[in-house]
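The structure appears below as C-alpha coordinates.
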Amino acid sequence: MATNITFHPGSVSAEERSQLLNQKGITIWFTGLSASGKSTIACALEQHLLHLHKFTYRLDGDNIRFGLNKDLGFDEKSRNENIRRIGEVSKLFADASCVTLTAFISPYRADRAVARELHEKAGLAFIEVFVDAPLHVVEQRDPKGLYKKARAGEIKDFTGISAPYEAPENPEVHIKTDECDVTEAVARITEYLSQKGFI
(Lines give C-alpha, C1' and ligand atoms only; values in the text may rest on other atoms or scores of the structure.)
Protein backbone atom coordinates (compact mmCIF):
# COMPACT_ATOMS: atom_id res chain seq x y z
CA MET A 1 0.00 0.00 0.00
CA ALA A 2 1.26 3.45 -0.92
CA THR A 3 1.84 5.82 2.01
CA ASN A 4 2.65 9.50 2.29
CA ILE A 5 0.43 10.40 -0.63
CA THR A 6 -2.11 13.19 -1.02
CA PHE A 7 -4.84 13.45 -3.65
CA HIS A 8 -4.25 16.53 -5.82
CA PRO A 9 -7.56 17.86 -7.19
CA GLY A 10 -7.59 19.57 -10.58
CA SER A 11 -8.87 23.02 -11.44
CA VAL A 12 -11.63 21.73 -13.74
CA SER A 13 -14.75 20.26 -12.15
CA ALA A 14 -16.46 17.18 -13.57
CA GLU A 15 -19.47 19.34 -14.50
CA GLU A 16 -17.32 21.90 -16.32
CA ARG A 17 -15.43 19.20 -18.21
CA SER A 18 -18.71 17.56 -19.25
CA GLN A 19 -20.11 20.89 -20.45
CA LEU A 20 -16.98 21.79 -22.40
CA LEU A 21 -16.82 18.40 -24.11
CA ASN A 22 -20.62 18.28 -24.49
CA GLN A 23 -20.92 14.73 -23.17
CA LYS A 24 -21.03 12.71 -19.98
CA GLY A 25 -18.48 10.07 -19.09
CA ILE A 26 -19.70 6.49 -18.90
CA THR A 27 -18.25 3.00 -18.85
CA ILE A 28 -19.94 0.35 -20.96
CA TRP A 29 -18.70 -2.96 -19.58
CA PHE A 30 -18.99 -5.90 -21.99
CA THR A 31 -18.82 -9.31 -20.31
CA GLY A 32 -19.26 -12.80 -21.72
CA LEU A 33 -17.44 -15.97 -22.70
CA SER A 34 -14.49 -15.96 -25.08
CA ALA A 35 -15.83 -15.79 -28.67
CA SER A 36 -19.23 -14.51 -27.53
CA GLY A 37 -18.70 -11.35 -29.59
CA LYS A 38 -17.63 -8.78 -26.96
CA SER A 39 -14.68 -7.32 -28.88
CA THR A 40 -16.49 -7.38 -32.23
CA ILE A 41 -19.48 -5.47 -30.85
CA ALA A 42 -17.26 -3.08 -28.86
CA CYS A 43 -15.22 -2.27 -31.99
CA ALA A 44 -18.36 -1.61 -34.03
CA LEU A 45 -19.91 0.50 -31.25
CA GLU A 46 -16.69 2.51 -30.88
CA GLN A 47 -16.73 3.31 -34.59
CA HIS A 48 -20.43 4.19 -34.49
CA LEU A 49 -20.08 6.53 -31.50
CA LEU A 50 -17.01 8.23 -32.95
CA HIS A 51 -18.99 8.91 -36.13
CA LEU A 52 -21.55 10.57 -33.86
CA HIS A 53 -18.62 12.76 -32.67
CA LYS A 54 -18.54 11.22 -29.21
CA PHE A 55 -15.21 11.00 -27.39
CA THR A 56 -14.97 7.20 -27.17
CA TYR A 57 -12.21 4.71 -26.37
CA ARG A 58 -12.13 0.92 -26.19
CA LEU A 59 -10.16 -1.16 -23.70
CA ASP A 60 -9.86 -4.77 -24.88
CA GLY A 61 -8.89 -7.76 -22.73
CA ASP A 62 -6.16 -9.18 -24.97
CA ASN A 63 -4.75 -5.76 -25.87
CA ILE A 64 -4.38 -4.70 -22.23
CA ARG A 65 -2.37 -7.84 -21.50
CA PHE A 66 0.32 -6.66 -23.95
CA GLY A 67 1.06 -3.71 -21.68
CA LEU A 68 -0.65 -2.66 -18.46
CA ASN A 69 -1.49 -6.21 -17.38
CA LYS A 70 1.32 -8.18 -19.02
CA ASP A 71 2.51 -9.29 -15.56
CA LEU A 72 -0.73 -11.18 -14.86
CA GLY A 73 -1.64 -14.80 -15.52
CA PHE A 74 -5.05 -16.44 -15.79
CA ASP A 75 -5.45 -17.98 -12.34
CA GLU A 76 -8.31 -16.62 -10.22
CA LYS A 77 -6.15 -14.15 -8.28
CA SER A 78 -4.66 -12.75 -11.49
CA ARG A 79 -8.10 -12.45 -13.06
CA ASN A 80 -9.31 -10.55 -10.00
CA GLU A 81 -6.39 -8.11 -10.30
CA ASN A 82 -6.86 -7.81 -14.06
CA ILE A 83 -10.43 -6.64 -13.60
CA ARG A 84 -9.58 -4.46 -10.58
CA ARG A 85 -7.06 -2.53 -12.69
CA ILE A 86 -9.47 -2.17 -15.59
CA GLY A 87 -12.16 -0.95 -13.22
CA GLU A 88 -9.80 1.78 -12.04
CA VAL A 89 -8.61 2.69 -15.56
CA SER A 90 -12.12 2.79 -17.01
CA LYS A 91 -13.18 5.01 -14.09
CA LEU A 92 -10.40 7.47 -15.00
CA PHE A 93 -11.51 7.52 -18.64
CA ALA A 94 -15.14 8.01 -17.64
CA ASP A 95 -14.06 10.81 -15.28
CA ALA A 96 -12.48 12.45 -18.34
CA SER A 97 -16.00 12.44 -19.92
CA CYS A 98 -15.05 9.58 -22.23
CA VAL A 99 -17.51 6.92 -23.36
CA THR A 100 -15.33 4.00 -22.29
CA LEU A 101 -15.91 0.54 -23.73
CA THR A 102 -14.36 -2.42 -21.92
CA ALA A 103 -14.38 -5.88 -23.49
CA PHE A 104 -13.24 -8.40 -20.87
CA ILE A 105 -14.52 -11.88 -20.06
CA SER A 106 -14.58 -10.70 -16.41
CA PRO A 107 -15.99 -14.04 -15.25
CA TYR A 108 -16.72 -13.23 -11.61
CA ARG A 109 -19.76 -11.24 -10.47
CA ALA A 110 -17.89 -9.92 -7.44
CA ASP A 111 -15.17 -8.36 -9.61
CA ARG A 112 -17.73 -6.70 -11.88
CA ALA A 113 -19.57 -5.45 -8.79
CA VAL A 114 -16.34 -3.83 -7.53
CA ALA A 115 -15.90 -2.06 -10.89
CA ARG A 116 -19.50 -0.84 -10.77
CA GLU A 117 -19.11 0.38 -7.18
CA LEU A 118 -15.95 2.32 -8.08
CA HIS A 119 -17.92 4.21 -10.69
CA GLU A 120 -21.01 4.76 -8.59
CA LYS A 121 -18.99 6.14 -5.67
CA ALA A 122 -17.43 8.62 -8.10
CA GLY A 123 -20.83 9.59 -9.52
CA LEU A 124 -20.05 7.94 -12.86
CA ALA A 125 -22.38 5.80 -14.93
CA PHE A 126 -21.65 2.09 -15.39
CA ILE A 127 -23.57 0.02 -17.91
CA GLU A 128 -23.13 -3.75 -17.93
CA VAL A 129 -23.69 -5.43 -21.31
CA PHE A 130 -23.97 -9.21 -21.17
CA VAL A 131 -22.80 -10.59 -24.50
CA ASP A 132 -24.44 -13.96 -24.26
CA ALA A 133 -23.85 -17.02 -26.42
CA PRO A 134 -24.27 -20.68 -25.43
CA LEU A 135 -21.11 -22.69 -24.84
CA HIS A 136 -21.73 -24.90 -27.88
CA VAL A 137 -21.98 -21.80 -30.08
CA VAL A 138 -18.74 -20.18 -28.86
CA GLU A 139 -16.98 -23.53 -29.17
CA GLN A 140 -18.09 -23.75 -32.79
CA ARG A 141 -16.82 -20.23 -33.46
CA ASP A 142 -13.52 -20.65 -31.55
CA PRO A 143 -11.63 -18.11 -33.75
CA LYS A 144 -8.42 -18.42 -31.72
CA GLY A 145 -8.61 -22.19 -31.26
CA LEU A 146 -8.67 -21.72 -27.49
CA TYR A 147 -11.62 -23.98 -26.70
CA LYS A 148 -10.02 -26.81 -28.64
CA LYS A 149 -6.80 -26.36 -26.65
CA ALA A 150 -8.74 -26.14 -23.37
CA ARG A 151 -10.64 -29.33 -24.15
CA ALA A 152 -7.30 -31.02 -24.88
CA GLY A 153 -5.95 -29.89 -21.52
CA GLU A 154 -3.40 -27.55 -23.10
CA ILE A 155 -4.86 -24.45 -21.40
CA LYS A 156 -5.55 -24.47 -17.67
CA ASP A 157 -8.18 -22.32 -15.96
CA PHE A 158 -10.06 -21.62 -19.18
CA THR A 159 -13.38 -19.86 -18.59
CA GLY A 160 -16.38 -21.98 -19.49
CA ILE A 161 -14.38 -25.21 -19.59
CA SER A 162 -12.10 -25.58 -16.56
CA ALA A 163 -12.90 -22.27 -14.83
CA PRO A 164 -16.30 -20.78 -14.03
CA TYR A 165 -18.20 -17.96 -15.72
CA GLU A 166 -20.78 -16.24 -13.54
CA ALA A 167 -23.36 -14.66 -15.83
CA PRO A 168 -24.78 -11.25 -14.89
CA GLU A 169 -28.07 -11.44 -13.03
CA ASN A 170 -29.36 -7.96 -13.94
CA PRO A 171 -27.36 -6.48 -16.84
CA GLU A 172 -28.56 -3.18 -18.26
CA VAL A 173 -28.34 -4.67 -21.75
CA HIS A 174 -28.53 -8.38 -22.67
CA ILE A 175 -27.33 -9.28 -26.17
CA LYS A 176 -27.76 -12.85 -27.41
CA THR A 177 -25.28 -13.11 -30.25
CA ASP A 178 -26.66 -16.42 -31.49
CA GLU A 179 -29.90 -14.53 -32.21
CA CYS A 180 -28.76 -11.10 -33.45
CA ASP A 181 -25.95 -9.72 -35.58
CA VAL A 182 -23.42 -6.99 -34.79
CA THR A 183 -25.44 -4.23 -36.45
CA GLU A 184 -28.51 -5.04 -34.37
CA ALA A 185 -26.42 -5.28 -31.20
CA VAL A 186 -24.91 -1.83 -31.79
CA ALA A 187 -28.36 -0.41 -32.52
CA ARG A 188 -29.79 -1.83 -29.29
CA ILE A 189 -26.95 -0.46 -27.15
CA THR A 190 -27.12 2.92 -28.88
CA GLU A 191 -30.87 3.06 -28.31
CA TYR A 192 -30.37 2.32 -24.61
CA LEU A 193 -27.71 5.04 -24.29
CA SER A 194 -29.98 7.53 -26.08
CA GLN A 195 -33.00 6.68 -23.90
CA LYS A 196 -30.90 7.20 -20.77
CA GLY A 197 -29.53 10.53 -22.04
CA PHE A 198 -25.88 9.44 -22.38
CA ILE A 199 -25.65 10.30 -26.07
Side-chain angles (χ1 to χ4, degrees), residues 5 7-32 34 36-70 72 81-106 111-132 168 170-175 177 180-199:
I5 59 173
F7 187 81
H8 192 133
S11 57
V12 180
S13 69
E15 293 77 15
E16 185 180 5
R17 188 188 307 277
S18 179
Q19 288 173 0
L20 290 169
L21 293 174
N22 195 32
Q23 71 177 64
K24 297 176 183 177
I26 179 175
T27 289
I28 303 171
W29 191 283
F30 293 88
T31 178
S34 179
S36 61
K38 299 180 302 300
S39 294
T40 301
I41 296 170
C43 283
L45 181 62
E46 179 184 34
Q47 184 179 52
H48 178 65
L49 292 175
L50 285 167
H51 278 92
L52 294 177
H53 304 289
K54 297 298 177 183
F55 171 35
T56 307
Y57 193 75
R58 176 180 53 87
L59 300 169
D60 187 83
D62 278 1
N63 296 356
I64 292 295
R65 284 181 176 271
F66 280 101
L68 177 66
N69 290 349
K70 67 181 179 181
L72 299 176
E81 177 61 12
N82 184 48
I83 298 308
R84 187 196 70 79
R85 291 182 192 179
I86 296 312
E88 294 283 1
V89 171
S90 62
K91 185 189 86 168
L92 292 173
F93 274 77
D95 186 53
S97 294
C98 182
V99 178
T100 312
L101 314 178
T102 73
F104 291 77
I105 294 171
S106 45
D111 293 340
R112 299 192 303 265
V114 167
R116 180 185 291 275
E117 187 178 7
L118 274 173
H119 285 70
E120 291 177 348
K121 282 184 175 178
L124 299 166
F126 183 95
I127 304 300
E128 187 174 47
V129 178
F130 179 24
V131 183
D132 186 6
N170 294 294
E172 281 77 8
V173 182
H174 188 169
I175 304 289
T177 59
C180 77
D181 61 16
V182 175
T183 301
E184 183 181 345
V186 169
R188 284 181 56 192
I189 298 167
T190 302
E191 181 181 10
Y192 179 88
L193 294 175
S194 179
Q195 287 176 348
K196 297 296 182 178
F198 292 115
I199 60 170

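- For the pair His174/Pro168, no side-chain contact is recorded, criterion being any heavy-atom separation below 4.5 Å from C-beta on.
- In this structure, Glu117 places its CD atom where only 12 or fewer heavy-atom neighbours from other residues, nucleotides or ligands lie under 6.0 Å away.
- Of the possible polar contacts, one joining the His51 side chain to the Gln47 backbone as a donor-acceptor pair under 3.5 Å is found.
- In this structure a side-chain-to-backbone donor-acceptor pair under 3.5 Å is missing from Thr183 to Asp181.
- Of all heavy-atom pairs between Lys91 and Ala122, the closest is CD-CB, 4.2 Å.
- The backbone N or O of Glu128 lies less than 3.5 Å from a partner atom in the side chain of Glu172, making a donor-acceptor pair.
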message = For a side-chain contact (heavy atoms from CB on, under 4.5 Å) check, start with the C-alpha distance between Phe126 and Thr27, then their side-chain angles and the critical distance, and finish with the verdict.
response = CA-CA 5 Å; Phe126 183 95; Thr27 289; 4.2 Å; yes

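- Residues Ile86 and Asn69 form a side-chain contact, since some pair of their non-hydrogen atoms from C-beta on lies under 4.5 Å apart.
- When each of Ile105, Leu68, Leu72 is paired with Asn82, the side chain to side chain contact (heavy atoms under 4.5 Å, CB included) condition holds for Leu72 and for no other.
- Contact of the Ile28 side chain with the Val173 side chain is not registered, since no non-hydrogen atoms from C-beta on lie closer than 4.5 Å.
- You'll find the side chain of Ile189 reaches within 4.5 Å of the side chain of Ile41, heavy atoms only.
- Contact of the Arg58 side chain with the Asn63 side chain is registered, since non-hydrogen atoms from C-beta on lie closer than 4.5 Å.
- A salt bridge links Arg84 to Glu81: at least one charged side-chain nitrogen sits closer than 4.0 Å to a carboxylate oxygen.
- In this structure, Leu52 CG and Leu193 CG are separated by 10.0 Å, a value rounded to the nearest 0.5 Å.
- One side chain, Trp29 or Ser106, offers a donor N or O that lies under 3.5 Å from an acceptor on the other.
- To the nearest 0.5 Å, atom CZ of residue Phe55 and atom CG of residue Leu21 are 7.0 Å apart.
- Atom CZ of Phe198 sits in a crowded spot, with more than 12 heavy atoms from other residues, nucleotides or ligands closer than 6.0 Å.
- Checking Leu59, Thr40, Ile175, Leu45 one by one against Phe30, the side chain to side chain contact (heavy atoms under 4.5 Å, CB included) holds for a single residue, Leu45.
- Heavy-atom minimum distance, Thr190 versus His48: OG1-CD2, 3.3 Å.
- Note that the CZ atom of Arg65 and the CG atom of Asp60 stand 11.5 Å from one another [nearest 0.5 Å].
- The nearest pair of heavy atoms linking Gly87 to Leu118 is C-CD1, 3.8 Å.
- Remark: Ser97 OG to Ile26 CD1 distance equals 11.5 Å, nearest 0.5 Å.
- Without hydrogens or angle criteria, Lys38 side chain to Gly32 main chain gives a donor-acceptor distance under 3.5 Å.
- Shortest non-hydrogen contact noted between Ala44 and Val186 is CB-CG2, 3.7 Å.
- Considering CD1 of Ile83 and CG of Asp111, their distance stands at 6.5 Å, rounded to 0.5 Å.
- For Thr177 (side chain) and Ser36 (main-chain N/O), a donor-acceptor pair under 3.5 Å exists by modelled atom type.
- Within a 6.0 Å sphere centred on NZ of Lys24, other residues, nucleotides and ligands contribute 12 heavy atoms or fewer.
- If you take OG on Ser90 and CG on Leu124, they are separated by 9.0 Å, rounding to the nearest 0.5 Å.
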